[in-house]
Each structure stands twice: as structure tokens, then as C-alpha cells.
Amino acid sequence: MKIATWNVNSLRVRLEQVIEWLERVKPDVLGLQETKMTDENFPASAFEERGYTTVFSGQPTYNGVALISRRPPQDVTMELNGFSDPQKRVLGATFDNVRIFNLYVPNGQSVDSDKYEYKLKWLNALDAQLQAEVQSHELVLAMGDFNIAPEDPDVHDPATWEGKVLCSPKERTALTKIKSVGYIDTFRLFEQPEKSFSWWDYRAAAFRRNMGMRIDLILASKKLSDLCTGCSIDVEPRKNERPSDHAPVIAEFRDI
DNA sequence: ATGGTCGATAGTCGA
């Protein structure tokens, strides 16, 4: 099973690129973030025509998540337990015996912002949810734009970014807590090139200079991680004309 | 020079 995550920063603008990528990479499940569209505008038929089922949770202008999959999703959820939120950032679904969460974690803006407090509360609710999920399912996957660079090697310039949003201790601790209940960052299960990033700011020619961060993650429960045969970032779409500022991340699993 | 560039949307906000 091939599972991928991609923050597309507007599905309206990126639809053609997503379709092209789907046909090249052929994932079984693709989680999209920042679709930035309402459900009535979701281009479900473009995916259905290519043999994919869709489920989506959107709103005007901001946020929005979707799951594109070969097989139909079951037990779909669009919220974290006990955390009612008008911002559409969560899509959970079961595919065969794998419970998958597609997530758009709040950015937080800056550590002194109200949005940062919201990010920390949101991560706390995510931790509770993912703890509960490993009690009821053996195979759990949490993927998406985490808006957290887990460690300094995931940052192009750790000194400049020290303590800043995406790298601050509180959010890194929140991610560590999620890992401590049995989730593994599948990217780090394998040898990877140095300076591997998944997001590069549009400004200052950041991509050309590889001034990026690895903030798009695929976490797997221990049992699922034992089946993981690879995880990689596909930088090719970031080279497109009018690219998303994020690259897709892909993980592969055997026997599921 | 305290910026830079996108996307959604129509003056700014969010990333």
C-alpha cells in the first residue's frame, strides 16, 4: 500500500498538477491539505474519472482537507474527539484494516500569537485522539502538514529558526508526546539525503537555495511501522510552474 | 530598505 500526503495550497489552482502526479505515482491513498474550497466546489469527478474515490471537508478561503483513495473510506470522521472546530483540518477514515488521519495542523503564525495557543490546544486534542486510536486499532497512520519541524536536521538554518514558530520547544514537545505513545516518523526509519525538506517559502528563491523545512510527516503506529518499506519526499512537483509551496511525501507498506 | 511571494478575494489576511 502506497500512502501519500500533499499540502496543495489551493486545489483549484493545483488540480491539474495533482491529477498528473496521481497518474505518475499511483498512490492507494492521498491526503490533501489546504484545498481552500467549499465541499460543493470539490472536483470529485476529476478523481472519479481516474478510478479514485474522494471524501472531503472544506470551507471557503482557508484550510480544507481531502482523502483521495483507490478503495472507499469507512468510518469517516471530520473532527478530533471533544474538539469542536469551525476550521476544517481533520479527515479520518479506515481503509481495510488501516486507520488513517489526514491532518492540517494549525500554523500558529508566531509564538506570541493567539493562533499559537490554538495550535498547542489543537495538538493536545490530536494527542488524545491518536492515543485512543492505538487502543482500538493496531494499524494507525497520521499524516499531513504538521507545521512542526521535528528536529534541527529538519531545518535549513536551525540557528535562525531557534525558538520560532514551526521549531519552538512547546510544539516540538507536543510532537514528541505523540511519538511517545507509539507513533514513528517513517521518514527517519530510512537513510535519507541531508537537508531533506518538504516545504520552501515562495519568497527569496527559497526552493532554489534549498532553504526549506521538513514539516510534512507520515507517522505510523509501531505495528504499522514494522510494515513500512520506504518513505520519501518527491521534490519534482515543487519544480512545476505555479507550484504548491509543499512537496508530497510518500510512504510504502507491505502486506496491507 | 524590517521587505521578499503566493492564494483568496477585493482591502487585507494567512501562510
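Side-chain atoms are counted along with the backbone in the values below, which use heavy atoms only and exclude waters and symmetry mates. Predicted model only: the values in this text are computed from it and were never measured.
For the ring-ring contact (aromatic ring centres under 6.0 Å, His included) test, residues two or more places apart in sequence or in another chain that qualify with A/F56 are A/F42. Evaluation of the side chain to side chain donor-acceptor pair (under 3.5 Å) rule for A/T160 yields A/D157 as partners, not counting sequence neighbours. With sequence neighbours excluded, the residues that form a salt bridge (Lys or Arg N to Asp or Glu O under 4.0 Å) with A/E138 are A/K223. Take A/Y52 and apply the ring-ring contact (aromatic ring centres under 6.0 Å, His included) test, not counting sequence neighbours, and it matches no residue. For A/N102, the side chain to side chain donor-acceptor pair (under 3.5 Å) partners two or more places apart in sequence, or in a different chain, are A/Q33.
The gap from the P atom of B/dA1 to that of B/dT12 amounts to 26 Å, rounded to the nearest Å.
Between A/T35 and A/A204, it is A/A204 whose nearest contact on DNA chain B lies nearer the 5' terminus. Nearest-nucleotide mapping onto DNA chain B: of A/P60 and A/Q109, the residue sitting toward the 5' end is A/P60.
The stretch residues 146-155 of chain A does not touch DNA chain B, since none of its heavy atoms comes less than 4.0 Å from the strand. Contacts between residues 13-22 of chain A and DNA chain B, defined by a heavy-atom separation under 4.0 Å, are made by A/V13, A/R14. Of the residues in residues 162-176 of chain A, none has a non-hydrogen atom less than 4.0 angstrom from any atom of DNA chain B.
A donor-acceptor contact closer than 3.5 angstrom is absent between the side chains of A/S113 and A/Y118. With 3.5 Å as the limit, one finds no donor-acceptor pair spanning the side chains of A/K36 and A/N63.
Contact annotation for A/F207: no contact, since no heavy-atom pair falls under 4.0 Å across all strands.
Atoms CD (A/E241) and P (B/dT5) sit 17 Å apart, rounded to a whole Å. The distance from atom OH of A/Y118 to atom P of B/dA15 is 9 Å, rounded to the nearest whole Å. When the P atom of B/dA8 is taken as reference, atom OH of A/Y62 falls 11 Å away, rounded to whole Å. Atom pair A/D216:CG and B/dA15:C1' shows a separation of 13 Å (rounding to whole Å applied). As a whole-Å value, the separation of A/R203 CZ from B/dT5 P is 9 Å. Distance CD1 (A/I215) to P (B/dA15): 12 Å, rounded to an integer number of Å. Summarising the geometry, the separation between NZ on A/K115 and C1' on B/dC13 is reported as 8 Å, rounded to the nearest angstrom. Computed from coordinates, the A/W199 CH2 to B/dC6 P distance equals 14 Å when rounded to whole Å.
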Distance-only criterion, 3.5 Å: show the donor-acceptor pairs between side-chain atoms of residues 247-256 of chain A and protein atoms not counting sequence neighbours.
{"from": "A/R254", "atom 1": "NH2", "to": "A/D226", "atom 2": "O", "distance (Å)": "3.1"}

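Hydrophobic cluster membership is shared by A/L224 and A/I3, with clusters built from Ile, Leu, Val, Met, Phe, Trp and Tyr side chains linked at under 4.5 angstrom.
Membership of an apolar cluster is not assigned to A/Y202, as no side-chain contact below 4.5 Å to another ILVMFWY residue is traced.
Closest approach to the A/T61 side chain among B/dA8, B/dA15, B/dT5 is made by B/dA8 (side chain taken as heavy atoms from C-beta onward). Side-chain proximity of A/K36 to the nucleotides B/dA8, B/dC13, B/dA15 is greatest for B/dA8. Side-chain proximity of A/R12 to the nucleotides B/dC13, B/dA8, B/dT5 is greatest for B/dA8.
Applying the 4.0 Å criterion to OP1 and OP2 of B/dG7, one finds that A/R242 has a side-chain N or O inside that range.
For residues 48-62 of chain A, every residue pair satisfying the salt bridge (Lys or Arg N to Asp or Glu O under 4.0 Å) rule, not counting sequence neighbours, is listed here: A/E23-A/R50. Evaluation of the salt bridge (Lys or Arg N to Asp or Glu O under 4.0 Å) test over residues 51-74 of chain A, restricted to residues two or more places apart or in two chains, returns A/R71-A/D96.
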